[in-house]
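Report on the following structure.
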Amino acid sequence: VLQLAHRSLLAWLLLACLLMPVEVVWSADTAESGDVVQPTSGSVNPETLNARLKEVEAATSLDDETRASITEMINKALANLETARNNKVTTEEYIRLRDSAPEMTSKIRAVLEKQASVPPEVKLTVTRVSPFEDIERELLQEKANLAAVKAKRADLDSQLETSKTRPSVIPKTLAETKQARKDLEAERDAPAPEGELAWVTEARRWAQDARLAALTSEINLLDQELLTLPFKVEWLEAQRDQQAASITRINTRIALLEELSSHQGRVEAREAVAAADAAVEEAAGKHPLIQQLAEDNATLTREAAALASTLRRASESDQTVERDAKRIEDSFRQAREQLDVAGLSNVLGEVLYSQRQDLPDRRELRTRLSELEDENAIMTLEMVQQAAERKRLANTEEHFAGLTQDLTPEVAALITDDLTELVLRRRDVLDKSISLHKSYLRSLRELSASYKRLLDNATAYDDFLAKN
């Protein structure tokens, strides 16, 4: 690993040398060992500056313009000292990272190699006979875990992309910063204007010293960042691969849970349909109200069963769209990296042209998104209506009174037992249907998000290819 890190460092140093002018390959203030030059700011310190600020505010001999000028220069000096302190902290963090990154990278790679040779066992707390609600609860938790890991991987991708562009940015910034320091040193050595108030001269010197300290600290920071980049990139890549492995494991668990959810949803739906059909047959020849309620229950049960079957298809569609979005995102990143490193060639141009032809039709994607929005609205309305009915059924006596208000007391008494059984059964079916609606709406939201990501990636990549 150390040999690989050494070779990687040499490659990065060579790239840095090629990208920067000869005179600024490394800062003149930094030795090849990476030693940091401590900025000198003379007697400038926050305590002295803040004390002078109070004196300036209290001085009665200063006119408003002079007081404002001195105050502004002292405040700039304070801000630059704070910048120098912050730069020093960041510089030390780079040095620590350069020392620790190889070991951290090696540990991550060792874990990944072990997992590749002996894949960890996938464990679930639910089984094929667990209730649908329990399976859905664990599935929801796994999807939340997946979202968190994906966010972490996206952050690592962003850090990597930025880090890989820094070797071409740092040399230019270093040259500009060194020139600014050189100019400021010349300005500081110039004599003060004749007749200038001593406090003004002092404040200007302090501001210049503090600015020099900030510029020197920035040069140190940039030098250390350039030295650290190879190790940082390897560490970030290892972390990204680690998150990718976690995503693979979580996706495996999600796939198993979705299969269990689909299976148990269908099992419970079939059982419910069979019970509802039996209730319809049993109600034959009974009071018309009993027959109607039994038939209404059977209709709602069959609708819930159809929704249970649809859940699996929605999940499978989401996985397909998500894979397409990831494929385009990876192609986009690779194309940017290739153009940054090698520029546009005939071969690369043909590859990019072919990829552009294979991009999905954005009009079709927008149409599908619109259809999903409509379906989401319909399913939401259904769930709200069912929730309202379930709330009404919570008060059994009041609901019974409404159902039997047109019947004589004698007839109502005769059908009370059947009525009670059918109302309780409808409450159970409504609970199941509402649970299925929640699961399906979640699947629709996930599918819409995947289509939106696919559309955004396709649009960004198409615009990029059109410009190149």
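Heavy-atom basis, side chains included; hydrogens, waters and symmetry copies ignored.
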Please lay out, stage by stage, how Trp235 and Ser100 fare under the test side-chain contact (heavy atoms from CB on, under 4.5 Å). CA-CA 10 Å; Trp235 179 51; Ser100 60; over 6 Å; no
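- In this structure, the side chains of Val111 and Gln115 come closer than 4.5 Å at one or more pairs of heavy atoms.
- With hydrogens and angles ignored, the 3.5 Å screen pairs no side-chain donor or acceptor of Asp462 with any backbone N or O of Ala458.
- In this structure, the separation between CG on Leu139 and CG on Leu124 is 10.0 Å, given to the nearest 0.5 Å.
- Between the side chain of Thr177 and the backbone N or O of Thr173 there is at least one donor-acceptor pair closer than 3.5 Å.
- The number of heavy-atom neighbours closer than 6.0 Å to NZ of Lys326, taken from other residues, nucleotides and ligands shown, is above 12.
- For the residue pair Gln239/Arg153, the side-chain donor-acceptor check at 3.5 Å is not satisfied.
- Counted by atom type alone, Ser106 and Arg109 present zero donor-acceptor pairs between their side chains at under 3.5 Å.
- With hydrogens and angles left out, the side-chain atoms of Glu373 and Ser448 include no donor and acceptor closer than 3.5 Å.
- In this structure, Lys143 pairs ionically with Glu446, as a charged nitrogen and a carboxylate oxygen lie closer than 4.0 Å.
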Hey, mind stepping through Thr48 and Val44 against side-chain contact (heavy atoms from CB on, under 4.5 Å) and telling me if it holds? CA-CA 7 Å; Thr48 300; Val44 182; over 6 Å; no
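- Checked for salt-bridge contact, Asp99 and Arg96 miss the test: no charged N lies under 4.0 Å from a carboxylate O.
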Working note: Arg453 + Glu329, criterion salt bridge (Lys or Arg N to Asp or Glu O under 4.0 Å); need CA distance, chi angles, decisive distance, verdict. CA-CA 9 Å; Arg453 182 186 174 198; Glu329 182 178 325; 2.5 Å; yes
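- Salt-bridge formation is not detected for the pair Arg67/Asp63: no Lys NZ or Arg NE/NH1/NH2 atom is positioned less than 4.0 Å from an Asp or Glu carboxylate oxygen.
- Taking 4.0 Å as the cut-off between side-chain N and carboxylate O, Glu364 and Arg368 do not count as a salt-bridged pair.
- Side-chain atoms of Lys88 and Thr83, non-hydrogen and from C-beta on, never get closer than 4.5 Å to each other.
- Between the side chains of Asn87 and Thr90, no donor-acceptor pair of N or O atoms lies under 3.5 Å.
- In this model, no donor atom of one side chain and acceptor atom of the other lie less than 3.5 Å apart for Arg240 and Gln159.
- There is a side-chain donor-acceptor pair under 3.5 Å between Glu375 and Tyr440.
- Thr248 and Asn251 share no side-chain donor-acceptor pair at under 3.5 Å.
- Between Arg205 and Asp209 there is no salt bridge, since none of the side-chain N atoms of the basic residue sits less than 4.0 Å from a carboxylate O of the acidic one.
- Judged by distance alone, the side chain of Ser158 and the main-chain N or O of Ala154 form no donor-acceptor pair under 3.5 Å.
- No side-chain heavy atom of Phe132 sits less than 4.5 Å from a side-chain heavy atom of Val267.
- Inspection of the Gln224 and Thr91 side chains reveals no N or O donor paired with an N or O acceptor under 3.5 Å.
- Salt-bridge formation is not detected for the pair Arg137/Glu133: no Lys NZ or Arg NE/NH1/NH2 atom is positioned less than 4.0 Å from an Asp or Glu carboxylate oxygen.
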Would Asp431 and Arg427 count as a salt bridge (Lys or Arg N to Asp or Glu O under 4.0 Å) if you check the C-alpha gap in whole Å, the side-chain angles of each, and the deciding distance to 0.1 Å? CA-CA 6 Å; Asp431 287 339; Arg427 287 200 319 199; over 6 Å; no
Go through it in stages, so that I can follow the logic: the residues are Tyr94 and Leu227, the test is side-chain contact (heavy atoms from CB on, under 4.5 Å), and I'd like the CA-CA distance, side-chain angles, deciding distance and then a yes or no. CA-CA 9 Å; Tyr94 280 132; Leu227 285 169; over 6 Å; no
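- Residues Asn80 and Leu215 fail the side-chain proximity criterion, which asks for heavy atoms closer than 4.5 Å.
- Considering only heavy atoms from C-beta on, Glu176 stays 4.5 Å or farther from Gln179 through its side chain.
- A salt bridge links Glu82 with Arg85; the closest basic N to acidic carboxylate O contact falls under 4.0 Å.
- For the residue pair Gln141 / Asn145, a side-chain donor-acceptor distance below 3.5 Å is found, with atom types taken as modelled.
- Under 4.0 Å is where a charged nitrogen must lie from a carboxylate oxygen, and between Lys164 and Glu237 at least one such pair does.
- Classification of Arg442 and Glu136 as a salt-bridged pair holds, one side-chain N sitting under 4.0 Å from a carboxylate O.
- Contact check on Glu259 versus Arg128 returns a salt bridge, with a Lys/Arg side-chain nitrogen under 4.0 Å from an Asp/Glu carboxylate oxygen.
- A distance-only check finds a donor-acceptor pair linking the side chain of Ser217 to the backbone of Ala214 [under 3.5 Å].
- Separation of atoms CD1 (Ile74) and CG (Leu53) is listed at 4.5 Å; rounding is to 0.5 Å.
- With contacts defined as side-chain heavy-atom distances shorter than 4.5 Å, the pair Leu260/Ser130 does not qualify.
- Ion pairing between a basic and an acidic side chain is recognised when a charged N comes within 4.0 Å of a carboxylate O; Glu322 and Lys150 show such pairing.
- Screening Glu202, Glu47, Glu57 against Arg52 for a salt bridge (charged side-chain N to carboxylate O under 4.0 Å, His left out) leaves a single residue, Glu202.
- With no hydrogens or angles considered, no side-chain donor-acceptor pair links Glu389 and Gln385 at under 3.5 Å.
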